[in-house]
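Being a predicted model, the structure only gives us computed values, none of them experimental. Positions are given from 1 along the sequence.
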Amino acid sequence: MSHLPDHFRRAIEITPAAGTRERIIDITTLGRRTGRPRRIEIFFYRASGTTYLCSGAGGAATDWHANLLADPTFTFHLKNGIRADLPARATPVTDPAERQTVLAEIVADLNQPHDPGTIRPTRLEDWADSRLMRISFRQRP
């Protein structure tokens with residue numbers, strides 16, 4: 001993320017003290033069947049200094065996840081306080097140890113006493129099957 005302007009990096013590098021508003025973004029993926037842009041609102045998370053998208057507790061199938069598996073390039077739209085459309089790439093997190101570490105950080109973050117998220121209390125075992133994507137930010141061409 002070093003190539004991003006400081007104000008964009010600060011908006012992405014949230015801490016457990018960040019509130020719900022700072023965690024909400026939009027993403028635009030390409031539909032895996034139609035090839036058309038699909039924009040949705042979603043939470044993003046930070047763990048171990050990295051940005052993630054996660055389907056949340058229960059691990060239900062999501063179109064955004066299936067779209068990113070088919071085409072991992074997408075747009076990460078900052079929209080609260082700072083507006084920016086950032087080119088990004090998603091990589092599925094499949095290594096069990098990495099998944100455990102990241103999901104544990106996400107759950108601990110959501111269980112902060114100041115209630116940064118809308119899901120609380122939450123338990124790690126409820127998130128075990130979540131779809132989890134690691135996000136990297138690409139430089140503009």
Side-chain angles (χ1 to χ4, degrees), residues 1-33 35-141:
M1 283 199 323
S2 61
H3 64 282
L4 294 175
D6 287 345
H7 58 292
F8 293 168
R9 263 198 332 274
R10 281 191 302 274
I12 296 166
E13 292 175 343
I14 60 171
T15 69
T20 300
R21 187 170 157 248
E22 290 86 9
R23 298 164 186 273
I24 297 174
I25 58 164
D26 286 351
I27 62 170
T28 299
T29 62
L30 289 180
R32 65 195 173 284
R33 291 188 295 256
R36 293 194 316 238
R38 301 287 183 210
R39 186 169 177 150
I40 64 159
E41 185 174 79
I42 190 170
F43 283 95
F44 76 98
Y45 303 93
R46 294 282 294 173
S48 302
T50 302
T51 305
Y52 293 90
L53 298 177
C54 185
S55 63
T62 61
D63 287 336
W64 66 262
H65 183 262
N67 291 346
L68 289 175
L69 288 174
D71 181 351
T73 60
F74 72 103
T75 304
F76 187 102
H77 304 280
L78 291 171
K79 64 182 196 171
N80 291 305
I82 293 179
R83 297 210 179 268
D85 301 324
L86 305 175
R89 182 172 190 83
T91 303
V93 179
T94 57
D95 175 70
E98 182 182 3
R99 285 182 57 79
Q100 176 75 16
T101 299
V102 170
L103 291 172
E105 278 194 55
I106 288 172
V107 168
D109 191 3
L110 291 172
N111 283 325
Q112 291 295 312
H114 63 280
D115 194 20
T118 58
I119 305 166
R120 202 171 65 99
T122 188
R123 301 172 315 156
L124 180 57
E125 55 268 22
D126 295 336
W127 289 64
D129 296 326
S130 298
R131 272 75 171 154
L132 184 62
M133 292 279 193
R134 183 182 327 102
I135 307 307
S136 58
F137 296 93
R138 303 177 304 141
Q139 290 188 336
R140 295 188 188 274

Asks: Do you know which two heavy atoms are closest between A11 and L78, and how far apart they sit?
Replies: CB-CD1, 4.0 Å
Asks: Should D85 and T28 count as side-chain neighbours, where that means a heavy-atom distance under 4.5 Å?
Replies: no
Asks: Is the closest side-chain heavy-atom distance between R46 and I12 below 4.5 Å?
Replies: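 They are in contact (side-chain heavy atoms under 4.5 Å apart), so the answer is yes.
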Asks: Is Y45 close to V102 at the side-chain level, that is, under 4.5 Å between some pair of heavy atoms?
Replies: no
Asks: Taking side chain as C-beta onward, heavy atoms only, is L132 less than 4.5 Å from W127?
Replies: no
Asks: Answer whether the closest heavy-atom distance between the side chains of S55 and W64 falls below 4.5 Å.
Replies: yes
Asks: Is R83 reaching over with its side chain to a backbone N or O of K79, donor-acceptor style, under 3.5 angstrom?
Replies: yes
Asks: Of the non-hydrogen atoms in L68 and A90, which two are nearest, and what is the gap between them?
Replies: CD1-CB, 3.8 Å
Asks: Please list all pairs meeting salt bridge (Lys or Arg N to Asp or Glu O under 4.0 Å) that have one or both residues in residues 4-13, counting only residues at least two apart or in different chains.
Replies: D6-R9
Asks: Enter the distance from N80:CG to I24:CD1 here, rounded to the nearest 0.5 Å.
Replies: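 Rounded to the nearest 0.5 Å, the CG-CD1 separation comes to 6.5 Å.
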Asks: Using a 3.5 Å distance criterion without hydrogens, assess whether the side chain of E98 forms a donor-acceptor pair with backbone atoms of V93.
Replies: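 No; judged by distance alone, with no hydrogens or angles, the pair does not exist.
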Asks: Is the distance between the ring centroids of F8 and F137 less than 6.0 Å?
Replies: no
Asks: How far apart are the closest heavy atoms of L69 and P92, and which atoms are they?
Replies: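 Closest approach of L69 to P92, heavy atoms only: CD2-CG, 3.6 Å.
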Asks: Tell me the salt bridge (Lys or Arg N to Asp or Glu O under 4.0 Å) pairs involving residues 47-75, sequence neighbours left out?
Replies: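 Counting only pairs at least two positions apart or across chains, the salt bridge (Lys or Arg N to Asp or Glu O under 4.0 Å) contacts touching residues 47-75 are R32-D63.
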Asks: Would you find a donor on one side and an acceptor on the other, under 3.5 Å apart, between the side chain of H3 and the backbone of R138?
Replies: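 Pair found, side chain donor or acceptor close to backbone of R138.
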Asks: Checking D26 side chain against H77 main chain: does a donor-acceptor pair fall under 3.5 Å?
Replies: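 Side chain of D26 to backbone of H77: no pair is present.
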Asks: Within the structure provided, determine whether R23 and D109 are in side-chain contact (heavy-atom separation under 4.5 Å).
Replies: yes
Asks: When you compare the side chain of T62 with that of I40, does any pair of heavy atoms fall below 4.5 Å?
Replies: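 No, too far: nothing below the 4.5 Å cut-off.
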Asks: Are any non-hydrogen side-chain atoms of C54 and L103 less than 4.5 angstrom apart?
Replies: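 The answer is yes, as the side chains (C-beta and beyond) meet within the 4.5 Å cut-off.
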Asks: Are the side chain of R99 and the backbone N or O of S130 linked by a donor-acceptor pair below 3.5 Å?
Replies: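 Between the backbone of S130 and the side chain of R99 there is a qualifying donor-acceptor contact (under 3.5 Å).
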Asks: Give, for atom CZ of F43 and atom CG of L110, the distance between the pair rounded to the nearest 0.5 Å.
Replies: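 So the gap between those two atoms works out to 8.0 Å.
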